[in-house]
Amino acid sequence: MQSEEDQKGKDDNVTYKEARVYLDEVSKYGSVLGLDTVRELLHELGDPQKDLRFIHVAGTNGKGSVLAFISTILSEAGIRTGRYISPTVVSYLERIQIDGKWIPEEEFAELVQEIQKAIVRMEAKGLSGPTVFEIETAIAFLYFRNMHCGIVVLETGLGGKEDATNIIEHTLVSVFTPISRDHMSFLGDTPEEIAEQKAGIIKPGCVVVSAPQEPGVRRVLERRAAEQGCEIRFVKTEDAKVTQEDYRGQTFSYGGMKDLNIRMAGTYQIINGVTAWEAVRAAGDAAGMQIREEAIRRGFENARWPGRFTCLREGPVFLVDGAHNADGALWLKKSVERYFTGRRLFFIMGVFRDKEYERIAQIMAPLAERIYTVSLPDETRTLSARELKKTAEFYCKGTVLAMNDIDSAVEEAMRDAEEEDVILAFGSLSYLGRVMEIAATETER
C-alpha cells in the first residue's frame, strides 16, 4: 500500500501538457547567447553531458540532413545514438530522439519536473533562470545519459561558440556544413564573421570535417583547428559520382563504395551525404570503432529528414522544402530547374521578416506560374502574407495571391494545379508541418 507521501508525490507529477505550457511561458523571455547559465543548470543536474560523447554539427544549411545521415548510419551500426535537432517539422518531441524514436511524453514531462526543481535551487542562489533552449538542451542530455547512448549527434541551435550545445566537452568530431549569411544580427555581417562563431564548436583533439567552403570561411576553420590541435578534413564532393536521380531520391558512388542510395532529393543532398560519410569515418577513427559498409548503406537508404525537398504526393507533384535563406533558395532553384524543366510551378511561400526574404523572392519567384503567400504561426517574427506578396510580385511574371491562412493556400494550390504541374511549399520550417498535414488529408479524400 502506498504511503501518503508517495501518493502526494505521484499526484504532483507534471503531465506532458503541463510541461509544454511551462516551456511556452519560459520561451516568452527570448534567447540569450552564452554558456554561464546552462553550465549552472547542468551542474545542478549532475553534469550529464560529461558522461556522453558527441558529434557536433554546425553550419548554415544542411545541418539537419547531415545529422540524419550520420545518426541513422550509427544506429544501423548497432550504436545507441542520440539525436538532438531544432527546429522541428512534424512534432515538438521530434527534437530529442534515440535511434530515430522520439522521446516519450511521460519521460519528457518527468525530466521537465526534475529541471524545474534545479531551477528553483539556482534562483535560491540568486542565479538567473535558463532560456527555453537551455532547458531543452538539458532535457536532451539527461535523457541521453539515462538511456546510455554511445554517441550523441548534436545540432547547434544558433551559431556555435556561445550556443548552449557548446557546453559539451567530449567531442569526437566537429562537422561543418556550408557556411553562408544567416542570423546576421547575432553572428556577424560576413561569412567570415559567422564562421568565427560557428568554429567555436571545435574542441581540443577532435577531428574536424567540413563540407566545401568559400576561401575566407575555410581559412577561419583551418586556423581554429590548428589552434586546438585538430586534424581537419575538407570533403571533396567532386569525387562523388551521381549515377541516378530524380525528385524522389538519388544514387551515387563515393569513397570506394558504389551505388549508395538516398531517399532525399535535391542537388545539395550529395554534399550532405558525403559530408556525413566523412564524419562517420572520422568518428570511427576517433572512437576506435569500425563502421561496416552494410551499416553505411542501410543508414543512407533509411535516413529521413522531413521538410527537405520532400515529395508528399503525386499528380500533381507536391513538395516541401525548408529553404529559408538566400543560399538555401539558390540550391532549391537548382533542384527545381533540374527536375521540373518545362512544367508549371505553383509556389506556397512563407518566411520570417528577419530573413533575406527579398533575395529569396528574387531567386525563386521568376520560376513560378502562381505564388500563394502565407503568414507564419509565429506572429512576432512573420512577414505578413500581404507584405510578402508585394515583394514577390516584383519578380514573378505570373499571379501572386496573399492567402488568409496556410490551409486555404494549400487547398487553393491543389485546386489550381493540374496533374502534370508541380506545387512547392518553401521558406520557414515552422509552417511546413501544417502543409504536410493538409496535403495528407487531401490525398486521403
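Numbering starts at 1 and runs along the sequence shown.
Applying the side chain to side chain contact (heavy atoms under 4.5 Å, CB included) test to Lys101 and every residue at least two apart in sequence or in another chain returns nothing. For Phe352, the ring pair (Phe, Tyr, Trp, His ring centres under 6.0 Å) test picks out no residue, with sequence neighbours left out. When the side chain to side chain contact (heavy atoms under 4.5 Å, CB included) test is applied to Val26, the partners found at least two apart in sequence or on another chain are Tyr22, Val132, Ile135. Partners of Glu293 under the side chain to side chain contact (heavy atoms under 4.5 Å, CB included) rule, at least two apart in sequence or in another chain, are Met257, Arg297. In this structure Phe54 satisfies the ring pair (Phe, Tyr, Trp, His ring centres under 6.0 Å) test together with Phe141, sequence neighbours excluded. Shown here are the salt bridge (charged side-chain N to carboxylate O under 4.0 Å, His left out) partners of Glu379, two or more places apart in sequence or in another chain: there are none. Not counting sequence neighbours, the partners of Thr310 by the side chain to side chain contact (heavy atoms under 4.5 Å, CB included) test are Leu312, Val320. When the salt bridge (charged side-chain N to carboxylate O under 4.0 Å, His left out) test is applied to Arg298, the partners found at least two apart in sequence or on another chain are Glu76, Glu294.
Contact detail for Gly200 and Arg224: the closest heavy-atom pair is O-NH2, 3.6 Å. Here the closest heavy-atom approach between residue Cys206 and residue Ile202 is recorded as SG-CG2, 4.2 Å. The two residues Ala282 and Val207 come nearest to each other via the heavy atoms CB-CG1, 3.7 Å. Listed here is the closest heavy atom pair of Arg83 and Ala68: NH2-O, 3.9 Å. Val435 approaches Ala425 most closely through the heavy-atom pair CG1-CB, 4.0 Å. Here the closest non-hydrogen pair linking Gln250 and Glu245 is CB-CB, 3.7 Å.
Aromatic ring centres of Phe108 and Tyr92: separated by under 6.0 Å. With ring centers used as reference points, Tyr247 lies 6.0 Å or more from Phe309. For Phe347 and Tyr372, the distance between ring centers is not under 6.0 angstrom.
No more than 12 heavy-atom neighbours from other residues, nucleotides or ligands sit within 6.0 angstrom of NZ on Lys161. Annotation for Glu106: atom CD does not count as buried by contact number, only 12 or fewer foreign heavy atoms lying within 6.0 Å. More than 12 heavy-atom neighbours from other residues, nucleotides or ligands sit within 6.0 angstrom of CD on Glu94. The number of heavy-atom neighbours closer than 6.0 Å to NE2 of His170, taken from other residues, nucleotides and ligands shown, is above 12. The 12-atom threshold is not exceeded at CZ of Arg338, counting heavy atoms of other residues, nucleotides or ligands nearer than 6.0 Å. Heavy atoms of other residues, nucleotides or ligands lying less than 6.0 angstrom from CZ of Arg304 number more than 12.
Counted by atom type alone, Tyr16 and Arg20 present one or more donor-acceptor pairs between their side chains at under 3.5 Å. No side-chain N or O of Ser430 forms a donor-acceptor pair with one of Asp378 less than 3.5 Å apart. There is no side-chain donor-acceptor pair under 3.5 Å between Tyr143 and Gln97. In this model, a donor atom of one side chain and an acceptor atom of the other lie less than 3.5 Å apart for Ser65 and Gln269. When only modelled atom types and interatomic distance are considered, Arg53 and Thr171 share no side-chain donor-acceptor pair under 3.5 Å. A donor and an acceptor atom, one from each side chain of Ser384 and Glu387, are located under 3.5 Å apart. With 3.5 Å as the limit, one finds a donor-acceptor pair spanning the side chains of Thr165 and His56. Checking Asn166 against Lys203 by side-chain atom types alone, a donor-acceptor pair falls below 3.5 Å.
Interatomic distance, Ile291 CD1 to Leu74 CG, rounded to the nearest 0.5 Å: 5.5 Å. Considering CD1 of Ile168 and CG of Leu52, their distance stands at 9.5 Å, rounded to 0.5 Å.
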Could you tabulate the donor-acceptor pairs under 3.5 Å formed by side-chain atoms of residues 360-368, not counting sequence neighbours?
residue: Gln362; atom: OE1; partner: Arg359; partner atom: NH1; Å: 3.2

Under 3.5 Å, which donor-acceptor pairs link side chains of residues 225-236 to any protein atom two or more places apart or in another chain?
residue: Glu231; atom: OE1; partner: Arg233; partner atom: NH2; Å: 3.4
residue: Glu231; atom: OE2; partner: Arg233; partner atom: NE; Å: 2.8
residue: Arg233; atom: NH2; partner: Asp285; partner atom: OD2; Å: 3.2

In residues 209-222, what donor-acceptor pairs under 3.5 Å come from side-chain atoms, sequence neighbours left out?
residue: Ser210; atom: OG; partner: Gln213; partner atom: NE2; Å: 3.1
residue: Gln213; atom: OE1; partner: Ile179; partner atom: N; Å: 2.9
residue: Gln213; atom: NE2; partner: Thr177; partner atom: O; Å: 2.9
residue: Arg218; atom: NE; partner: Glu222; partner atom: OE2; Å: 3.1

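Residues Asp51 and Pro48 are not in side-chain contact: their nearest non-hydrogen atoms beyond the backbone lie 4.5 Å or more apart. When side chains are defined from C-beta on, Leu154 does not count as touching Thr156, because their heavy atoms never get closer than 4.5 Å. Tyr84 places none of its side-chain heavy atoms less than 4.5 Å from the side chain of Val153. Between Thr60 and Lys198 there is a side-chain heavy-atom pair separated by less than 4.5 Å. In this structure the side chain of Val242 never reaches within 4.5 angstrom of the side chain of Thr251, judged on heavy atoms. Contact annotation: the side chain of Ile201 approaches that of Phe176 to within less than 4.5 Å [non-hydrogen atoms, C-beta and beyond]. A heavy-atom distance below 4.5 Å is found between the side chains of Phe69 and Met264. By the 4.5 Å heavy-atom criterion applied to side chains, Leu127 and Thr37 are not counted as neighbours.
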Show the numbers, then the answer: is there a side chain to side chain contact (heavy atoms under 4.5 Å, CB included) between Leu424 and Phe340? CA-CA 11 Å; Leu424 171 62; Phe340 302 117; over 6 Å; no

For a ring pair (Phe, Tyr, Trp, His ring centres under 6.0 Å) check, start with the C-alpha distance between Phe252 and Phe300, then their side-chain angles and the critical distance, and finish with the verdict. CA-CA 11 Å; Phe252 69 100; Phe300 273 128; 5.7 Å; yes

Quick one: do Val152 and Thr81 satisfy side chain to side chain contact (heavy atoms under 4.5 Å, CB included)? Show the steps, please. CA-CA 6 Å; Val152 172; Thr81 306; over 6 Å; no

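Using a cut-off of 4.0 Å between Lys/Arg side-chain N and Asp/Glu carboxylate O, Arg263 and Glu301 are scored as salt-bridged. Salt-bridge check for Arg308 with Asp321: failed, with every basic side-chain N at 4.0 Å or more from each acidic carboxylate O. Electrostatic pairing of Glu114 and Lys117 does not count as a salt bridge here, judged by no charged N lying under 4.0 Å from a carboxylate O. Checked for salt-bridge contact, Glu196 and Arg223 meet the test: a charged N lies under 4.0 Å from a carboxylate O.
Residue pairs meeting the salt bridge (Lys or Arg N to Asp or Glu O under 4.0 Å) criterion with at least one member in residues 124-144, sequence neighbours excluded: Glu44-Lys125, Arg95-Glu136.
A side chain to side chain contact (heavy atoms under 4.5 Å, CB included) with Pro130 is found for one member of Leu42, Thr137, Leu41 and no other, namely Leu41.
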